[in-house]
Colleague: 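This structure is in structure tokens; I'll ask about it shortly.
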2 protein chains.
Amino acid sequence: MITIRDVARESRCSPTTVSIVLNNAPLANYIPQETKSRIKQVAEELGYQPNLFARSLRSNRSHTIGVIVYDISDPYSTQILRGIENSLYEIGYLPILADIQNSDSRFRNYLNILLQRRVEGLILFSNPFYIDVDKEFERVPEKRKVPTVLIGRESRLDTFSSVVVNNEEGGRMAIQHLYALGHRKIAFVKGPEIFLDSRQRWKGIATFAKESGLVIDPELVVELKQPSASYEEGYRLTQQLLERGHSFTGLVAFDDMTAYGAIRALKTAGLEVPRDCSVTGFDDTSGAAFYNPPLTTVRQPMETLGTLSVGILAEAIQASLQQKVSSRVQRVVAPELVVRDSTAPV
Amino acid sequence: MITIRDVARESRCSPTTVSIVLNNAPLANYIPQETKSRIKQVAEELGYQPNLFARSLRSNRSHTIGVIVYDISDPYSTQILRGIENSLYEIGYLPILADIQNSDSRFRNYLNILLQRRVEGLILFSNPFYIDVDKEFERVPEKRKVPTVLIGRESRLDTFSSVVVNNEEGGRMAIQHLYALGHRKIAFVKGPEIFLDSRQRWKGIATFAKESGLVIDPELVVELKQPSASYEEGYRLTQQLLERGHSFTGLVAFDDMTAYGAIRALKTAGLEVPRDCSVTGFDDTSGAAFYNPPLTTVRQPMETLGTLSVGILAEAIQASLQQKVSSRVQRVVAPELVVRDSTAPV
DNA sequence: TCCCGAAGTTCGATTTAAATG
DNA sequence: GCATTTAAATCGAACTTCGGG
């Protein structure tokens with residue numbers, strides 16, 4: 001492998017000079033153009049590539065970001081990843097991916113591993129409620145801490161930044177859409193009360209109902225128990241709704257997966273979507289556009305979530321390089337209603 | 001940060017000894033148990049963590065694998081990733097993720113970046129035909145080459161290992177399933193002829209037809225053009241099939257996405273799946289089980305594909321550490337028919 | 001000679017402090 | 001003192017070689 005010494009020898013100067021020139025360090029101003037171009041040419045000819053291990057050892061930087069996702073196979077994760085990956089690429093960073101698979105022991109392990117690898121920042125995806133991220137972080141020694149962004153959930157600790165979608169606004173969009181289509185008897189498959197997102201979305205719904213005078217029939221409201229199996233739960237709960245016998249023409253599901261379960265349950269009961277019942281989802285995960293019928297849903301701008309996270313990290317890293325303290329940033333992005341074929345006028 | 005010197009000072013011996021003890025190097029046999037435990041205890045107390053940059057510089061190893069996917073938002077990728085990630089975790093490696101987004105310039109860039117970061121191996125996902133992986137690799141200097149596995153496609157170069165599913169067998173499974181259900185008038189949405197997978201799947205279909213005496217009506221065979229937009233193409237081609245007026249009771253789609261498009265087109269034309277027409281997919285991507293109706297499909301064991309790739313890399317890395325030359329490995333794994341609700345007897 | 005331990009070198013790039021004409 | 005250039009120290013771990021008892 002070609003080292004800086006080889007380049008130095010070949011261009012008849014010292015490694016120091018080569019380093020200064022190739023990195024365009026401040027001292028490069030004092031070096032005549034002629035020497036510079038000679039060195040650059042030699043480096044080019046020899047195919048010199050600096051050894052990043054040596055550079056990292058010296059600079060104590062890895063140009064690497066740790067990305068911890070709770071379930072890589074969840075389409076919600078992948079679109080955010082796309083945004084992260086793209087933005088990192090632009091600033092010369094690379095993501096190290098850790099899929100914790102909903103396991104808190106894996107979370108702990110990965111956290112240690114990534115910190116030991118000296119990632120310069122961390123991005124954590126909103127995770128199952130049973131992993132207490134805040135607590136896990138408290139045991140990390142102050143010295144090792146790096147800028148961290150939480151996507152999709154807010155943190156108690158003021159060391160975390162966060163990027164979330166405006167869930168309340170999103171909930172409102174869903175119900176408002178059905179209301180505008182003339183639906184008045186609307187059923188709800190709520191998210192688990194334990195999730196902040198669920199409570200916020202519900203708040204948006206309740207607020208709109210109050211404002212518009214829409215009456216929400218308690219018999220038409222059911223709640224997901226398990227956060228993980230939302231398709232099956234969506235299916236089961238919708239069956240329950242149907243059995244209760246209170247008719248409805250619209251259904252607001254907690255997320256896309258739940259909506260799929262609901263649509264399937266309606267279909268199985270002989271009801272057509274949207275002819276007999278309109279259904280809305282939440283997220284706009286990649287399958288929503290291809291569903292049968294294509295799903296009307298509230299889109300989370302996932303790529304944007306990823307991009308924003310990287311931006312926050314980049315600034316924090318920059319700040320810490322200049323010995324500055326960066327305070328945490330909390331960003332709330334607007335959702336967007338995507339109307340497809342699963343909703344129709346009454 | 002605590003260094004090996006700190007541990008040495010605190011335990012009243014030299015850095016050498018500390019290094020030997022903590023790494024359990026061969027020389028550790030000559031060191032009395034008492035010294036060992038003293039050192040270990042001090043290391044523990046001080047919270048010593050070896051600096052991986054220094055270690056990497058010395059050993060020239062990164063314990064890192066580059067994973068190049070052509071489109072992270074494709075569910076096909078994510079399930080394989082899960083398998084990769086899991087296996088790497090077990091052998092103490094970490095994946096660096098590169099999403100090339102179907103762009104060949106990004107591919108080239110990432111290849112360089114990853115090699116410069118000294119990944120110890122590479123996993124490439126089968127990619128759009130317009131990226132000639134073989135060619136890109138030929139320009140990589142011999143010195144920099146690392147063990148490489150191609151998933152989902154075979155390579156001309158004998159430096160690549162590969163892991164693929166048995167496509168011919170899979171094609172056979174799909175048609176055989178419909179045949180067994182009594183279908184005789186079957187339509188086909190083939191994959192692009194340019195893909196090896198497409199040709200292999202078709203071969204499986206053709207062979208079965210010949211063996212069983214099934215007649216394939218050329219008017220009921222259409223072919224995808226664009227590899228990327230298979231939902232839209234599946235939709236459009238199925239409409240074409242319907243317009244031709246040759247009736248059919250079953251449809252074999254190239255992959256799940258195509259099947260979704262086909263189902264949607266049938267539905268739009270007023271046909272129910274599976275009542276009026278059975279449809280099969282290929283891949284068993286994560287949405288297939290939740291589709292409306294849940295899709296009968298030929299599963300690629302994606303996690304296994306990932307796991308096997310890592311296994312191949314691990315062996316190749318091990319071999320090269322012992323100065324051995326490892327030859328390329330080609331593995332073909334069996335697909336599996338997953339019967340759900342999109343197919344039914346005639 | 002055997003056991004135990006340490007001094008010194010190496011990995012490759014960067015940076016400080018200093019030397020040349 | 002100025003414009004150029006460089007020797008030497010540094011980053012932290014690991015390995016080679018050597019010495020004392």
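In the text below, chain A, chain B and the rest are named by the order of the sequence lines, each starting its count at 1. The figures that follow rest on heavy atoms only: side chains count, while hydrogens, waters and symmetry mates do not.
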Colleague: Rounded to the nearest Å, what distance is computed from the CD atom of residue B:E34 to the P atom of nucleotide C:dC4?
Modeller: 12 Å
Colleague: Name the closest nucleotide to the B:T3 side chain, picking from D:dA13, C:dG5, D:dT5.
Modeller: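 Comparing D:dA13, C:dG5, D:dT5 against the side chain of B:T3, the answer is D:dA13.
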Colleague: Please report the interatomic distance CG(A:D158) to CD(A:Q330), rounded to the nearest 0.5 Å.
Modeller: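 Answer rounded to 0.5 Å: 9.5 Å.
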Colleague: A:Y30 side chain: which of D:dT6, C:dC4, D:dT4 is closest?
Modeller: D:dT4
Colleague: What is the separation between atom CG on A:L52 and atom C1' on D:dC11, rounded to the nearest whole Å?
Modeller: 15 Å
Colleague: When rounded to the nearest 0.5 angstrom, what distance separates OG in A:S162 from CD in A:E154?
Modeller: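 With rounding to 0.5 Å, OG (A:S162) is 5.0 Å from CD (A:E154).
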Colleague: Tell me which of A:P15 and B:L27 sits closer to the 5' end of DNA chain D, going by the nucleotide each one is nearest to.
Modeller: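 On the 5' side of the pair lies A:P15.
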Colleague: Please answer whether the main-chain N or O of A:C13 pairs with a side-chain N or O of A:T17 as donor and acceptor at a distance below 3.5 Å.
Modeller: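 No, the answer is negative, given that no donor and acceptor are paired below the 3.5 Å cut-off.
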Colleague: Nearest whole angstrom, please: distance from the C1' of D:dG12 to the CZ of A:R117.
Modeller: 17 Å
Colleague: Start at the 5' end of DNA chain C and walk down; is the nucleotide closest to B:N60 or to B:I20 reached first?
Modeller: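 Checking each residue's closest nucleotide, the 5'-ward one belongs to B:I20.
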Colleague: Nearest-nucleotide wise, let me know which of B:L57 and A:R12 is further upstream toward the 5' end of DNA chain D.
Modeller: A:R12
Colleague: Please report the closest heavy-atom contact between A:Y48 and A:I4, naming both atoms and the distance.
Modeller: CE1-N, 3.5 Å
Colleague: Using atom CZ of B:R5 as one end and atom P of C:dA6 as the other, report the distance to the nearest whole Å.
Modeller: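 One finds 14 Å between P of C:dA6 and CZ of B:R5, rounded.
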Colleague: Would the base of D:dA14 count as contacting B:T16 through its side chain, where contact means a donor and an acceptor less than 3.5 Å apart?
Modeller: no
Colleague: What nucleotide, of D:dT16, C:dT14, D:dA13, holds the atom closest to the side chain of B:R58?
Modeller: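 From the listed options, D:dA13 comes nearest.
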Colleague: Just to confirm, is there a sub-4.0 Å distance from OP1 or OP2 of D:dA14 to any side-chain nitrogen or oxygen of B:N23?
Modeller: yes
Colleague: Rounding to an integer number of Å, can you tell me how far B:I4 CD1 sits from C:dA7 C1'?
Modeller: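 So the CD1-C1' distance, B:I4 to C:dA7, works out to 14 Å.
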Colleague: I want to check a possible cation-pi pair here: A:R328 against A:F160, using under 6.0 Å from ring centre and within 45° of the ring axis as the test.
Modeller: no
Colleague: Judged by each residue's nearest nucleotide on DNA chain C, which is more toward the 5′ side, B:A54 or B:T35?
Modeller: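 In this pair, the answer is B:T35.
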Colleague: Once hydrogens and angles are ignored, does a donor-acceptor distance under 3.5 Å link the base of C:dA13 to the side chain of A:R55?
Modeller: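 Side chain to base: no pair present.
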Colleague: Given atom CD1 of A:I31 and atom P of C:dT15, what is their separation to the nearest angstrom?
Modeller: 14 Å
Colleague: Between C:dG12 and A:Y48, is there an OP1 or OP2 to side-chain N/O distance shorter than 4.0 Å?
Modeller: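 No, because none of the side-chain N or O atoms of A:Y48 sits under 4.0 Å from OP1 or OP2 of C:dG12.
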Colleague: Taking 4.0 Å as the cut-off, does a side-chain nitrogen or oxygen of A:T17 come that near to OP1 or OP2 on D:dT6?
Modeller: yes
Colleague: Nearest whole angstrom, please: distance from the P of C:dA13 to the CG of A:N24.
Modeller: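 For the pair A:N24 CG and C:dA13 P, the rounded distance is 18 Å.
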Colleague: Rounded to the Å, how far apart are A:N51 CG and C:dT14 C1'?
Modeller: 13 Å
